[in-house]
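The block underneath contains the structure these notes are about, expressed in structure tokens.
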Number of protein chains: 2
Amino acid sequence: MEAKPKQILIADDEPDILEIVSYNLGKEGYEVYTAKDGNEAIERAKQLHPDLIILDVMMPRKTGVEVCQILRSQPMFQDTLIIFLTAMSDEASQIKGLETGADDYVNKPISPKVLISRVNALFRRLNKDDNNTGKSIVLGNITIDPVKFLVTINNQEVVLAKKEFELLYLLASRPGRVFLRNEILSQVWGNDVIVGDRTIDVHIRKVRQKLGVDCITTVKGVGYKFEL
Amino acid sequence: MEAKPKQILIADDEPDILEIVSYNLGKEGYEVYTAKDGNEAIERAKQLHPDLIILDVMMPRKTGVEVCQILRSQPMFQDTLIIFLTAMSDEASQIKGLETGADDYVNKPISPKVLISRVNALFRRLNKDDNNTGKSIVLGNITIDPVKFLVTINNQEVVLAKKEFELLYLLASRPGRVFLRNEILSQVWGNDVIVGDRTIDVHIRKVRQKLGVDCITTVKGVGYKFEL
DNA sequence: CCATGAGTTAACCTAATGTTTACACAAAAT
DNA sequence: ATTTTGTGTAAACATTAGGTTAACTCATGG
């Protein structure tokens with residue numbers, strides 16, 4: 001299942017900024033649209049209904065704050081992500097911006113990289129929330145859902161105990177990657193807990209047994225990895 | 001259903017910051033808990049399962065980044081909001097922090113007001129997505145009507161006491177999802193009430209008994225979930 | 001053929017949960 | 001007022017399943 005690219009509308013009256021930001025976000029795989037003032041931003045927002053709107057605060061024909069207020073008042077834009085971009089780095093503006101309903105507030109001069117990180121962070125959060133499936137790991141015919149605490153394999157539910165589940169979840173979180181025994185210990189058991197040597201093996205065994213599918217590979221002298 | 005105050009865990013090795021931030025967030029109506037180093041942060045996070053964790057980056061016994069990584073690797077903390085707090089204002093740290101899975105990154109010196117705005121913004125976004133409250137729930141042959149305070153099972157009315165009802169409603173509001181004991185406590189009982197260990201069990205038992213249908217599953221060491 | 005690391009098994013211990021009873025307290029009924 | 005009834009909590013005890021260990025076996029390589 002390919003996620004369709006997220007659409008971003010960016011509004012700023014400085015062409016340079018539009019270009020730099022568009023370029024960088026485009027490179028990240030986003031679909032970028034631009035507007036050069038407040039009214040145009042509103043217009044295009046209504047046309048496109050983008051996933052995220054980046055608004056410069058100081059713009060002709062409606063400031064970013066005004067645009068935000070107008071959009072937020074419409075039900076259609078309740079859930080749309082909004083980021084303010086501004087040269088005014090004083091506290092008051094920032095607070096006001098956030099209280100207007102923005103999700104983030106980034107000061108100019110902008111570092112494209114930082115902006116991208118913040119954009120990514122917002123989308124990451126969003127996907128976690130509306131996609132109940134987003135959290136779960138799906139690999140081939142195996143599904144691991146940490147919210148429901150459930151493992152499904154070929155549409156058969158498998159019940160794992162807490163430690164077993166955590167162990168499997170850890171390994172499956174990075175398929176193919178080898179986890180050292182130490183890593184597993186500190187991730188699943190915690191650093192201050194001391195357990196015997198064979199404990200991990202026993203749990204690995206139980207998971208293998210319950211899954212009935214050979215997907216945990218032993219790398220002797222190193223650790224374990226998950227692979228189908 | 002009344003909105004329960006959100007729980008926030010803040011970890012910093014400087015007592016001054018802990019105090020200032022605690023005070024200000026408390027004044028906003030949040031329920032604030034503190035930790036003074038990385039390990040303590042992890043420990044308390046596991047106990048409390050707060051809604052938001054604010055992590056200082058530079059802490060003894062595990063940095064904020066490490067804490068974040070450890071928590072994020074665990075299924076139970078996938079959804080928890082995380083904010084980094086740091087004196088290092090360089091780009092690279094910020095980007096790295098956000099990529100570790102944080103939701104926001106705030107530079108020191110902190111303005112309490114700005115921090116609060118950002119915390120509010122995060123919660124505002126979060127609440128938009130899971131607003132399921134108020135509606136009646138219909139699952140198979142079970143109906144739960146929070147308005148009439150009534151549970152119907154196979155067209156038979158079942159009378160539940162207040163706490164029993166709230167407990168069932170909570171679990172049924174997200175079928176399949178596991179609710180931690182802590183979550184149940186803070187949602188049904190509220191976080192300032194201290195009740196004994198066995199109280200939840202007793203109520204669970206009563207609900208199970210009255211429903212007569214086995215639809216509440218216990219996930220040992222984790223919590224309970226509703227499923228038919 | 002020993003050394004090392006991993007797999008297997010079953011027994012064991014205990015933390016976590018289930019169950020029951022009793023009691024405080026409030027609301028409703030008398 | 002007094003009784004009755006129902007709810008919520010605590011305390012005591014029973015039970016179970018999860019986690020750990022230990023002893024043994026197996027596989028591999030030097």
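Scope of the values below: all heavy atoms of this structure, side chains included, with no hydrogens, waters or symmetry mates.
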Report summary line: On DNA chain C, more 5' by nearest nucleotide between Gly223(A) and Val222(B) is Gly223(A)
Requested in this report: Return the value, rounded to whole Å, for the distance between atom NZ of Lys206(A) and atom P of dT20(D).
Outcome: 9 Å
Report task. Write out the stems for DNA chain D, ordered by first number and formatted as range with range, counting runs of at least 3 consecutive Watson-Crick or G-U wobble pairs under 3.5 Å. Result -> C:1-30 with D:1-30
Query raised in the report: Within this structure, what is the NZ-to-P distance between Lys162(A) and dA17(D), rounded to whole angstrom?
Result: 17 Å
Requested in this report: Report which part of the nucleic acid Lys220(A) touches: base, sugar-phosphate, or nothing (heavy-atom distance under 4.0 Å, all strands).
Outcome: base
Report task. Would you mind reading off the distance between Ile194(B) atom CD1 and dT9(D) atom P, rounded to a whole angstrom? Result -> 13 Å
Requested in this report: For residues Phe226(B) and Phe179(B), establish whether the separation of their ring centroids is below 6.0 Å.
Outcome: no
Query raised in the report: Taking Tyr30(B) as the fixed residue, which of Asn120(B), Asp51(B), Asn24(B) is the one that meets the side chain to side chain donor-acceptor pair (under 3.5 Å) rule?
Result: Asn120(B)
Report task. Give a yes/no on whether any side-chain N or O of Arg181(A) is located under 4.0 angstrom from OP1 or OP2 of dA6(C). Result -> yes
**Report entry** dG18(C) phosphate, OP1 or OP2, under 4.0 Å from Arg205(B) side-chain N/O
**Finding:** no
**Report entry** Least distance between heavy atoms, Phe77(A) atom then Leu71(A) atom
**Finding:** CB-O, 3.2 Å
Query raised in the report: OP1, OP2 of dA16(C) versus side-chain N and O of Thr218(B): anything below 4.0 Å?
Result: no
Query - N or O in side chain of Tyr224(B) less than 4.0 angstrom from dA16(C) OP1/OP2 - result: no
Requested in this report: Measure the distance from CD1 on Ile204(A) to C1' on dG5(C) and round it to the nearest whole Å.
Outcome: 14 Å
Report summary line: Asp197(A) CG to dT21(D) P, in whole Å, measures 10 Å
**Report entry** Side chains of Arg208(A) and Thr218(A), donor plus acceptor under 3.5 Å
**Finding:** yes
Report summary line: Nearest heavy-atom contact between Lys163(B) and His203(B) is CB-CE1, 3.7 Å
Report summary line: Comparing nearest nucleotides in DNA chain D, the 5'-proximal residue of the pair Val195(A), Leu160(A) is Leu160(A)
Query raised in the report: Looking only at side-chain N and O atoms, does Trp189(B) come under 4.0 Å of OP1 or OP2 in dG8(D)?
Result: no
Query raised in the report: Using a distance-only test with no angle check, is there a side-chain donor-acceptor pair under 3.5 angstrom linking Glu227(B) and Thr217(B)?
Result: yes
Report task. Using only side-chain N and O atoms of His203(B), determine if any of them is under 4.0 Å from OP1 or OP2 of dT7(D). Result -> no
**Report entry** Side-chain N,O (Arg198(B)) to OP1/OP2 (dA10(D)) below 4.0 Å
**Finding:** no
Report summary line: Separation of dT14(C) atom P from Lys163(A) atom NZ, nearest Å, is 16 Å
Query raised in the report: Can you check the Asp201(B) CG to dA14(D) C1' distance for me, whole Å?
Result: 13 Å
Query raised in the report: So what does Thr199(A) hit on the nucleic acid, given a heavy-atom distance under 4.0 Å: a base, only sugar-phosphate, or nothing?
Result: base
Query raised in the report: Hey, are Tyr105(B) and Arg118(A) close enough side-chain-wise for a donor-acceptor pair under 3.5 Å?
Result: no
**Report entry** Exercise: identify the closest heavy-atom pair between Ala102(A) and Arg124(B)
**Finding:** O-NH1, 3.1 Å
Requested in this report: Return the value, rounded to whole Å, for the distance between atom CZ of Phe149(A) and atom C1' of dG18(D).
Outcome: 11 Å
